[in-house]
Amino acid sequence: MILPNLKDAKVRTNKEVAIKTNEYYIDSELEKIGKGKKYFVKTYGCQMNEHDSENIKAILEDMNFIETDTMENADIILLNTCAIRENAHNKVFGMVGRMKHLKSNKPDLITGICGCMAQEEAIVEEIMQKYKWLDIVFGTHNIHRLPQLLKEVVEKQKQEIEVFSIEGEILENIPVKRDNKYKAWINIMYGCDKFCTYCIVPYTRGKQRSRMPEFILNEVKELVKDGYKEVTLLGQNVNAYGKDLGISYDMANLLEDVAQTKIERIRFVTSHPWDFTDEMIEVIKTYPNIMPYIHLPLQSGSDRILKLMGRRYTKESYLSLYNKLKKALPYSSITTDIIVGFPGETEEDFKETLDVVKSCQYDSAFTFIFSPRIGTPAAKMEDKILLEEKEKRLHELNELVNMYAKKANDTYVGKIVPVLIEGVSEKSSDIMMGYTDTMKLVNVKGAEEFVGQIVNVKITDAKTWSLDGELVS
Ligand code: SAH
Ligand code: SF4
Ligand code: F3S
């Protein structure tokens, strides 16, 4: 049993990051464990968490488990969790209740929790006290150990908890079962060293570790060979890519090299406003296969709150970056993340946030009420604002954000835009869905035979969250 430890999770040293190419292994014993059995993995978090689930699924398939999309049919259920806000916690424990019920009818069912919540000390304590029947708990640093941990569970029939609180390594041989046949996630870096005062990610994911460019580029080249059309380069702070590598190679270099593989579409998330360089802007402008879409989290428009958040930029410097991006890439869409109700946020501070939203007129925004996370500095800050007031601010912000989202979408009506058709839309089986280069969701009539292809679509109608269009022959 190895338990998570908050103190260790905070540590950052100059120790070189180990790159391991044969840490994951499987043998004939482990391959037998899943024979004739089914697995169900549910994902709660960000794109990185989704990509981890793709690794977990591939590992389970190496052990000969088969995927099922119904929990009731599964022999193993894993919840890949997120710790970013309190509501994530509630959702997971709701699901844990359902798993208990299933297990009472099927005692051999293996149940488990992994992901960022598993990295939290308090959560694992709660599991040990109240959920002794949960079979397995593992964290973000030891996904590759899943076969060995499952073997222990099967042989010893007791709760197996293994969570490392370490700065982290880079493991290069973990298999992946991609959910999408045309679009792929690629980790370009792990962890985060920014330590924004509200955020739990630096504790759940370890220190910033960039992957070596050759591993990333090989992955992209393989995907091109396999017919993939789009890659999304993932990291908590992609602009800071390479700074920890000790070679002079940064995000602008990586973007350029990925663009030269000729993959048709390249996206990248998330960009921290702090490290966005002019070289990056130049590369995005130069290569048509780097998509004109930038997610640029604001968090707050008040300098006082930004300082308390430890974001390292001001309202003015954010706006000047925003304007520089729009000037260089006028066609691009820009989205953001905003937190309301950070401890001590006054009505004036909130007005500053609204002011930035009015000035930027984002294509869309993810908006959140501040959620205190144990172990982060902001959780200890005095917070006198009533929840009611925070909800009122969120509502006011959302109204504004939605108004601009609709306004941005309206400008597409009548235009012809490139859309990667992904499959059947949720609306109706004879309508297809896909995304524009600028990351707008489009429902397209008459594109059945174009799944997996980038086609020209004429936009006929705009909603707040999506566009309607028809194929241009
Ligand atoms: N690395 C990204 C953010 C990843 S978390 C960045 O720096 O931009 C995604 C979003 O969740 C954040 O942008 C923030 O808006 C929100 N978030 C993070 N911690 C939060 C908290 N404690 N309460 C509310 N929202 C939070
Ligand atoms: Fe969290 Fe800040 Fe790191 Fe983003 S940059 S993951 S918000 S600590
Ligand atoms: Fe992602 Fe949630 Fe972890 S946002 S990094 S899964 S805390």
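Both ligands and their constituent atoms are indexed starting at 1 by order of listing.
Residue contacts with ligand 1, taken as heavy atom pairs separated by less than 4.0 Å, involve I84 via backbone and side-chain atoms alike. Under 4.0 Å from ligand 1, not a single heavy atom of H295 appears. For S371, heavy-atom contacts with ligand 1 shorter than 4.0 Å involve the backbone as well as the side chain. Counting heavy atoms under 4.0 Å from ligand 3, residue R205 touches it through the side chain alone. Contacts of Q299 with ligand 2, taken as heavy-atom pairs under 4.0 Å, are absent altogether. Contact annotation: for T270 versus ligand 2, there are no heavy atoms closer than 4.0 Å. At a heavy-atom cutoff of 4.0 Å, ligand 1 is contacted by both the backbone and the side chain of Y198. With a 4.0 Å heavy-atom cut-off, ligand 1 is reached by no atom of V201. Within the 4.0 Å heavy-atom criterion, the part of P202 lying near ligand 2 is the side chain and not the backbone.
A 4.5 Å side-chain heavy-atom check between T13 and E167 finds at least one atom pair inside the cut-off. Two residues are said to be in side-chain contact when any heavy atoms from C-beta on lie closer than 4.5 Å; L296 and P273 meet this criterion. No side-chain heavy atom of D275 sits under 4.5 Å from any side-chain heavy atom of M280.
The two residues E121 and L6 have their closest heavy-atom pair at OE2-N, 2.5 Å. Closest of all the heavy-atom pairs between A259 and I266 is CA-CD1, 3.4 Å. Closest approach of C199 to P202, counting heavy atoms only: O-CD, 3.7 Å.
Considering K177, K57, R205 as possible partners of D52, the one that fulfils the salt bridge (Lys or Arg N to Asp or Glu O under 4.0 Å) test is R205.
Neither side chain, T314 nor D303, offers a donor N or O lying under 3.5 Å from an acceptor on the other. Y39 and E61 share a donor-acceptor pair across their side chains, judged by distance under 3.5 Å alone. In the model, T367 has a side-chain atom that pairs as donor or acceptor with a side-chain atom of N398 under 3.5 Å. For the residue pair D363/S333, the side-chain donor-acceptor check at 3.5 Å is not satisfied.
The shortest N or O to N or O distance between D337 and ligand 1 is under 3.5 Å. Residue-to-ligand polar distances keep N237 apart from ligand 1: every N/O pair is separated by 3.5 Å or more.
Atom numbering of ligand 2 starts at 1 in the shown order; those under 4.0 Å from a heavy atom of N237 are 5 (S). Of all the atoms in ligand 2, the ones that sit under 4.0 Å from a non-hydrogen atom of C192 are 3 (Fe), 5 (S), 6 (S), 8 (S). Ligand-side atoms of ligand 3 in range of N49: 6 (S), range being under 4.0 angstrom from any heavy atom. Of all the atoms in ligand 1, the ones that sit under 4.0 Å from a non-hydrogen atom of F370 are 23 (N), 24 (C). Of all atoms in ligand 2, numbered sequentially from 1 with element shown, those under 4.0 Å from a heavy atom of V201 are 6 (S). The contact set between ligand 2 and F195, taken as ligand atoms under 4.0 Å from a residue heavy atom, comprises 8 (S).
What sits closest to atom 7 (S) of ligand 2 on the protein, heavy atoms only, is Y198 OH, 3.4 Å. For atom 24 (C) of ligand 1, the closest heavy atom belonging to the protein is I369 O, 3.4 Å. In terms of protein heavy atoms, atom 7 (S) of ligand 3 is closest to A83 N, 3.2 Å. Nearest protein neighbour of atom 4 (C) of ligand 1, counting heavy atoms only, is Q236 OE1, 3.3 Å. Taking atom 1 (Fe) of ligand 3 as the reference point, the nearest protein heavy-atom neighbour is C46 SG, 2.3 Å. Protein heavy atom nearest atom 8 (O) of ligand 1, with residue, atom name and distance: P297 CG, 2.9 Å. Distance from atom 8 (S) of ligand 2 to its nearest protein heavy atom, with residue and atom name: C196 N, 3.3 Å. Among all protein heavy atoms, the one lying closest to atom 3 (Fe) of ligand 3 is C116 SG, 2.3 Å.
Under the 30°/60° scheme for interplanar angles, the aromatic rings of Y249 and Y241 are found to stand perpendicular. The aromatic rings of Y362 and Y322 lie perpendicular to each other, with more than 60° between the two planes, well past the 30° mark. Relative orientation of the H89 and F93 rings is tilted, given thresholds of 30° and 60° on the angle between their planes.
At least one cation-pi condition fails for R145 and F138: the charged atom is not both under 6.0 angstrom from the six-membered ring centre and inside a 45 degree cone around its axis. Taking the ring axis of Y404 as reference, the NZ or CZ atom of K406 does not stay both within 45° of it and closer than 6.0 Å to the ring centre.
Distances from atom 1 (Fe) of ligand 2 show that C199 has an N/O/S atom below 2.8 Å. In summary, C82 places an N/O/S atom under 2.8 Å from atom 2 (Fe) of ligand 3, meeting the contact criterion.
Within the 4.0 Å heavy-atom cutoff, Q236 counts among the residues contacting ligand 3. Under a 4.0 Å heavy-atom criterion, T376 is not in contact with ligand 1. Taking a 4.0 Å cut-off on heavy atoms, R311 registers as neighbouring ligand 1.
Ion pair K384/E382 flagged as a salt bridge, since at least one NZ, NE, NH1 or NH2 atom sits closer than 4.0 Å to an Asp/Glu carboxylate oxygen.
Proximity annotation for atom 11 (O) of ligand 1: of Q47, Q299, R373, R85, R85 comes nearest, heavy atoms only.
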Note to self: Apply salt bridge (Lys or Arg N to Asp or Glu O under 4.0 Å) to residues R393 and E345 and explain how you reach the verdict.
What the structure shows: CA-CA 11 Å; R393 286 180 195 171; E345 183 191 67; 2.9 Å; yes
